[in-house]
Amino acid sequence: MKKTIITVTGKDTVGIIAKVCTYLADNNVNIEDISQTILQGYFHMMMITDTSRSDKSTGELAAELDMLGKSIGVMIHCQHEDIFDMMHRI
């Protein structure tokens with residue numbers, strides 16, 4: 001399994017989850033775990049995904065998700081699990 005951490009943050013609006021999940025499904029990315037919340041109008045979602053069936057590299061997915069985020073007004077970050085873990089170690 002090739003785990004990737006995807007975070008989505010920004011002003012809440014209709015369709016954020018639908019657009020992100022549609023992109024992931026279209027690219028054979030399986031959502032293993034998901035958490036989302038809205039605080040005072042700000043949306044935050046974190047997903048742990050399995051990208052092992054996708055034809056795209058983590059870098060390609062990250063670049064395309066970044067472009068998708070810009071088109072819908074949110075920030076989307078996509079990182080391989082190992083990089084995410086190293087960045088969040090204390």
To the nearest 0.5 Å, how far apart are [atom1] in [X] and [atom2] in [Y]?
X   : Y   : atom1 : atom2 : result
I16 : I38 : CD1   : CD1   : 7.5 Å
M75 : D66 : CE    : CG    : 9.5 Å
I72 : F43 : CD1   : CZ    : 8.5 Å
L68 : I76 : CG    : CD1   : 4.5 Å
T4  : I31 : OG1   : CD1   : 12.0 Å
D50 : D33 : CG    : CG    : 13.0 Å

Discussion item. Please give me the minimum heavy-atom distance between R53 and N28, naming the atom from each residue.
Written reply: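 It is O-CB, 3.6 Å.
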
Discussion item. How close do M45 and I34 get, counting heavy atoms only, and between which atoms?
Written reply: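 Shortest heavy-atom contact: SD-CD1, 3.6 Å.
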
Worksheet entry | T51 side chain to S54 backbone, donor-acceptor under 3.5 Å |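 No, the answer is negative, given that no donor and acceptor are paired below the 3.5 Å cut-off.
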
Worksheet item: Any sub-3.5 Å donor-acceptor pair from S35's side-chain atoms to M46's backbone N or O?
Response: no

Discussion item. Looking at Y42, I'd like to know if the NZ or CZ of K11 sits under 6.0 Å from its six-membered ring centre while staying within 45 degrees of the ring's axis.
Written reply: yes

Item to complete: Could you check K56 against E64 for salt bridge (charged side-chain N to carboxylate O under 4.0 Å, His left out), going step by step and ending with a plain yes or no?
Response: CA-CA 10 Å; K56 295 182 180 174; E64 290 179 5; 2.6 Å; yes

For a 4.5 angstrom cut-off between non-hydrogen side-chain atoms, does [X] reach [Y]?
X   : Y   : answer
I6  : L24 : yes
K2  : T58 : yes
I48 : I5  : yes
M47 : V20 : yes

